[in-house]
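Counting starts at 1 for both ligands and their atoms, in listed order. All values below come from the heavy atoms of this structure, side chains included, with hydrogens, waters and symmetry mates left out.
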Amino acid sequence: MDAIFSYILLLVLLSLSLSLIFLSHTYKRNYGSPKLPPGKAGWPIVGESVVFALSGPEKFISDRMNKYSPQVFQTSLLGEKMAVFCGASGNKFLFSNETKLLTSWWPQSMKKALLFPSFVENSLKEVTALKRGFLHEILKPEALKHYIPIMDSMAAQHLDSEWAPHGEVKVFPMLKKYTFALACKLFMSIEDPEHVARLAEAFTLVTSGLFSVPIDFPGMAYNRAIKGGRMVREELLGIIRHRRKELSEKKETPFGDLLSRMLLVTDEDGKFMNEMEISNNIIGLLVASYDTTSTAVTFVLNYLAELPHVYSAVFKEQMEIAKSKGTEKLLNWEDIEKMKYSWNVAREALRLTPPAQGAFREAITDFTYAGFTIPKGWKTFWTVHSTHKNPQYFPNPEKFDPSRFEGSGPAPYTFVPFGGGARMCPGKEYARLEVLVFMHNVVKRFKLEKAVANEKIIYHSSPTPVNGVPVRLQPHEK
Ligand code: HEM
Ligand SMILES: *[C@@H]1O[C@H](CO)[C@@H](O)[C@H](O)[C@H]1NC(C)=O
């Protein structure tokens, strides 16, 4: 207890002294300077992060859109001055001006935990962590096709061993386990359950500290994230070295996992990626996919358990596909393409409970939007929460209605679970396959019934159901 109090005291003192510096600074700056977006910065360092955490992102955003401006407002999150862009036109502006006005920016907590652990900080300075073109190349649909049967058999096995023996399961922890095991297999061919579990544990430390306030203090999420990041990296470097050696001895892995493709790819000068670059890429993919895909599948199943008429329609579609194949054959690309209604259901779940909240950038020059100036160096944030439940774009927004995605679907820049423009999520297709294959396997075996109604959802980096979405399983009669 004492430690907590002295910590709070330290924070307050720090805030007070800094707010004095801040105030004098703001006065100087505002005198005759351009019009900044409306809003307030909150406390120095912690800014409005605490309010953000307490009220949840959805309410935080809609409150401020109402109070300040539906187009753009300022706040301070994660220790940074930030302009939050809102609505379809705010999204459009950011997505289209990706390269001209903005550059990639990650919160300090993320950089430090993952990309710049202190022991490699210097050697990493000029490495761009995620090579975008390359990621789009190795994650494009054609490249993922032969992962479908592997996803299918892993999903079936997982349901056999972890679900079938029980009358009730908690969907969320199950999906965390499955998603991570699948990523270990498809990214690096790691299958040993103990090895997977060890990596998962370190990794959970990282992802739960990613969007924390960047204070490196024992016991804080940020501090644990840095430690977890170091463990994951050491582990990965070991795996990469081992695999490189195997490759040089021409021991091929049975199928092309992402790691072997990263080891074989060369740049224009014929240079291979070094071990640190590869580990950065793998870590980037694990971070970007772990919470997001497990959350996505969890909420799809949550809605299936809650809404019997939606379940029935998905069941019908999936059983037609299953019957057309006979019993022994694994799913393939043509089957996925037939899952049209199921994908609409998944998209409606992504609209109502988006796994990713949005993304940050940094302004590389002063620019204006909606009559307000965004100064160079400010961070920008686009967010799913300014459009996904906006009745202007989605009438009766709280209603689960997959038919919104029929025909031409939602207006451009309003349904943005994967972002848009040049920086749109390169893992979108991988996520689609993972979600649909898992839906197929679940409805084929079980009918679902929610065991806890109106479960509370809290926000970490993604929405987290506090009870883990317990469902009762009713196996279909044979
Ligand atoms: C339902 C699941 C997923 C959702 C909702 C999601 C959403 C997002 C969003 C919103 C962004 C930020 C876009 C921006 O910066 O404007 C992003 C970036 C990214 N995602 Fe995903 N994602 C998902 C799954 C995945 C998967 C499975 C992978 C990899 C296999 C992946 C890899 C990435 C990467 C590497 C980036 C960074 C791209 C860049 O910085 O250019 N994501 N994702
Ligand atoms: C991109 O930025 C420029 C310069 O600020 C602006 O004029 C243009 O409208 C923006 N593009 C979009 C699509 O909003």
Side-chain angles (χ1 to χ4, degrees), residues 71-72 85 87-106 110 114-115 128-140 143-144 147 151 175 179-180 182-184 186-188 257-258 262 280-300 343 346-347 349-351 353-374 379-385 388 412-413 415-436 438 461-463:
Q71 291 165 307
V72 58
F85 283 62
S89 38
N91 291 344
K92 183 177 182 192
F93 184 93
L94 289 187
F95 294 159
S96 330
N97 274 308
E98 182 54 53
T99 46
K100 268 191 304 185
L101 308 175
L102 304 154
T103 182
S104 140
W105 178 80
W106 298 107
M110 231 160 144
L114 290 163
L115 307 174
T128 33
L130 297 166
K131 291 187 171 166
R132 219 177 306 145
F134 161 71
L135 284 178
H136 278 283
E137 178 62 27
I138 65 167
L139 290 168
K140 68 183 181 195
L144 296 175
Y147 290 177
M151 288 179 171
L175 258 306
T179 309
F180 198 75
L182 184 68
C184 284
L186 295 181
F187 295 4
M188 306 172 276
D257 61 9
L258 292 188
M262 286 186 193
N280 282 340
N281 276 301
I282 300 262
I283 290 178
L285 290 178
L286 284 172
V287 171
S289 65
Y290 184 36
D291 281 353
T292 47
T293 49
S294 53
T295 308
V297 183
T298 296
F299 281 100
V300 170
W343 182 234
R347 283 192 284 181
L350 288 171
R351 179 185 72 83
T353 320
Q357 313 304 297
F360 305 104
R361 306 279 189 268
E362 181 175 321
I364 48 178
T365 167
D366 286 6
F367 64 87
T368 55
Y369 175 67
F372 301 108
T373 296
I374 316 298
K379 309 305 178 274
T380 64
F381 186 45
W382 70 261
T383 156
V384 289
H385 301 295
H388 279 201
Y413 304 101
F415 175 66
V416 287
F418 297 100
R423 289 285 297 277
M424 189 189 222
C425 174
K428 180 175 178 285
E429 197 58 29
Y430 178 105
R432 186 174 78 104
L433 298 178
E434 180 169 345
V435 170
L436 289 173
F438 204 84
S461 61
S462 44

Chemist: To check your reading of the model: name the closest protein heavy atom to atom 12 (C) of ligand 2, its residue, and the distance in Å.
Modeler: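 Atom 12 (C) of ligand 2 sits closest to the protein heavy atom Asn97 ND2, 3.8 Å.
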
Chemist: Closest by any non-hydrogen atom to atom 32 (C) of ligand 1: pick that one out of Gly421, Ala288, Ala346, Pro355.
Modeler: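 Of the listed residues, Ala288 has the closest heavy atom.
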
Chemist: Would you say atom 9 (O) of ligand 2 makes contact with the protein, given that contact here means a non-hydrogen protein atom less than 4.0 Å away?
Modeler: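 No.
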
Chemist: Could you check if a side-chain atom of Ile374 sits within less than 4.5 angstrom of a side-chain atom of Phe85, using non-hydrogen atoms only?
Modeler: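 Heavy-atom side-chain distance check passes, below 4.5 Å.
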
Chemist: Which of the numbered atoms in ligand 1 are under 4.0 angstrom from any heavy atom belonging to Ala356?
Modeler: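 Listed by number with element: 7 (C), 10 (C).
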
Chemist: Check whether any side-chain heavy atom of Tyr430 lies under 4.5 Å from a side-chain heavy atom of Leu186, and answer yes or no.
Modeler: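 They are in side-chain contact.
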
Chemist: Any nitrogen or oxygen of Ser96, side chain or backbone, less than 3.5 Å from one on ligand 2?
Modeler: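 In fact, backbone or side chain, Ser96 has no N or O that close.
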
Chemist: Pull out every atom of ligand 1 sitting under 4.0 Å from any heavy atom of Pro426, numbered as shown with elements.
Modeler: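 Answer, ordered by atom number: 19 (C), 20 (N), 33 (C), 34 (C), 35 (C), 36 (C), 38 (C).
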
Chemist: Of the choices Leu285, Leu433, Thr292, which has the non-hydrogen atom that lies closest to atom 24 (C) of ligand 1?
Modeler: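 The nearest heavy atom belongs to Thr292.
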
Chemist: Kindly determine whether Leu139 and Glu429 satisfy side-chain contact (heavy atoms from CB on, under 4.5 Å), including the steps that lead there.
Modeler: CA-CA 7 Å; Leu139 290 168; Glu429 197 58 29; over 6 Å; no

Chemist: N/O of Thr293 under 3.5 Å from N/O of ligand 1, yes or no?
Modeler: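 No: no nitrogen or oxygen of Thr293 is under 3.5 Å from one in ligand 1.
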
Chemist: At what distance, to the nearest 0.5 angstrom, does CG of Asp257 lie from CD1 of Ile138?
Modeler: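 So the gap between those two atoms works out to 10.0 Å.
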
Chemist: Give the atom numbers and elements of ligand 1 that come within less than 4.0 Å of a heavy atom of Ala296.
Modeler: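 By the 4.0 Å cutoff, the relevant atoms are 1 (C).
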
Chemist: Tyr147 versus Leu258: any side-chain heavy-atom pair under 4.5 Å?
Modeler: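 The answer is yes, as the side chains (C-beta and beyond) meet within the 4.5 Å cut-off.
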
Chemist: With a 4.5 Å limit on heavy-atom distance, are the side chains of Leu102 and Arg423 in contact?
Modeler: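 Side-chain contact under 4.5 Å: no.
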
Chemist: What's the shortest distance from atom 4 (C) of ligand 2 to any protein heavy atom, and which residue and atom give it?
Modeler: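 For atom 4 (C) of ligand 2, the nearest protein heavy atom is Leu101 CD1, 4.3 Å.
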
Chemist: Could you tell me which non-hydrogen atom of Val435 sits nearest to which non-hydrogen atom of Ala296, and how far apart they are?
Modeler: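 Smallest heavy-atom distance, with atoms named: CG2-CB, 4.3 Å.
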
Chemist: If I compare all heavy atoms of Pro463 with all of Pro355, which pair ends up nearest, and what's the gap?
Modeler: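 In this case the closest contact between Pro463 and Pro355 is CD-O, 3.7 Å.
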
Chemist: Suppose I only count heavy atoms of Ala359 and a 4.0 Å limit; which atoms of ligand 1 are within that range?
Modeler: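 Every atom of ligand 1 under 4.0 Å from some heavy atom of Ala359: 12 (C), 14 (C), 15 (O), 16 (O).
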
Chemist: Quick check: do Phe187 and Leu286 have side-chain heavy atoms less than 4.5 Å from each other?
Modeler: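 Result yes, sub-4.5 Å side-chain heavy-atom pair found.
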
Chemist: Answer yes if the ring centres of Trp105 and Phe360 are under 6.0 angstrom apart, and no otherwise.
Modeler: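 That pair passes the under 6.0 Å test.
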
Chemist: Any atoms of ligand 1 less than 4.0 Å from a non-hydrogen atom of Trp382? List them with their elements.
Modeler: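 Atoms satisfying the 4.0 Å criterion: 10 (C), 14 (C), 16 (O).
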
Chemist: In this structure, does ligand 1 have an atom that sits under 4.0 Å from one of the heavy atoms of Pro417?
Modeler: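 A heavy atom of Pro417 does come that close to ligand 1.
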
Chemist: Are any of the N or O atoms of Tyr430 closer than 3.5 Å to those of ligand 1?
Modeler: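 Not met; the criterion fails.
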
Chemist: When you measure from atom 26 (C) of ligand 1 to each heavy atom in Gly284, Gly420, Ser289, which option holds the nearest one?
Modeler: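 The residue whose heavy atom sits nearest atom 26 (C) of ligand 1 is Ser289.
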
Chemist: Just which atoms of ligand 1 are under 4.0 Å from any heavy atom in Ala431?
Modeler: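 Answer for ligand 1: 1 (C), 2 (C).
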
Chemist: Check whether any side-chain heavy atom of Trp382 sits under 4.5 Å from a side-chain heavy atom of Arg361, and report yes or no.
Modeler: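 The answer is yes; the side chains approach within 4.5 Å.
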
Chemist: Between Arg361 and ligand 1, which part of the residue brings a heavy atom under 4.0 Å of the ligand: side chain, backbone, both or neither?
Modeler: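 Side chain only.
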
Chemist: Identify the protein heavy atom lying closest to atom 6 (C) of ligand 2, giving its residue, its atom name and the separation to 0.1 Å.
Modeler: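 In this structure, atom 6 (C) of ligand 2 has Phe93 CE1, 4.0 Å as its nearest protein heavy atom.
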
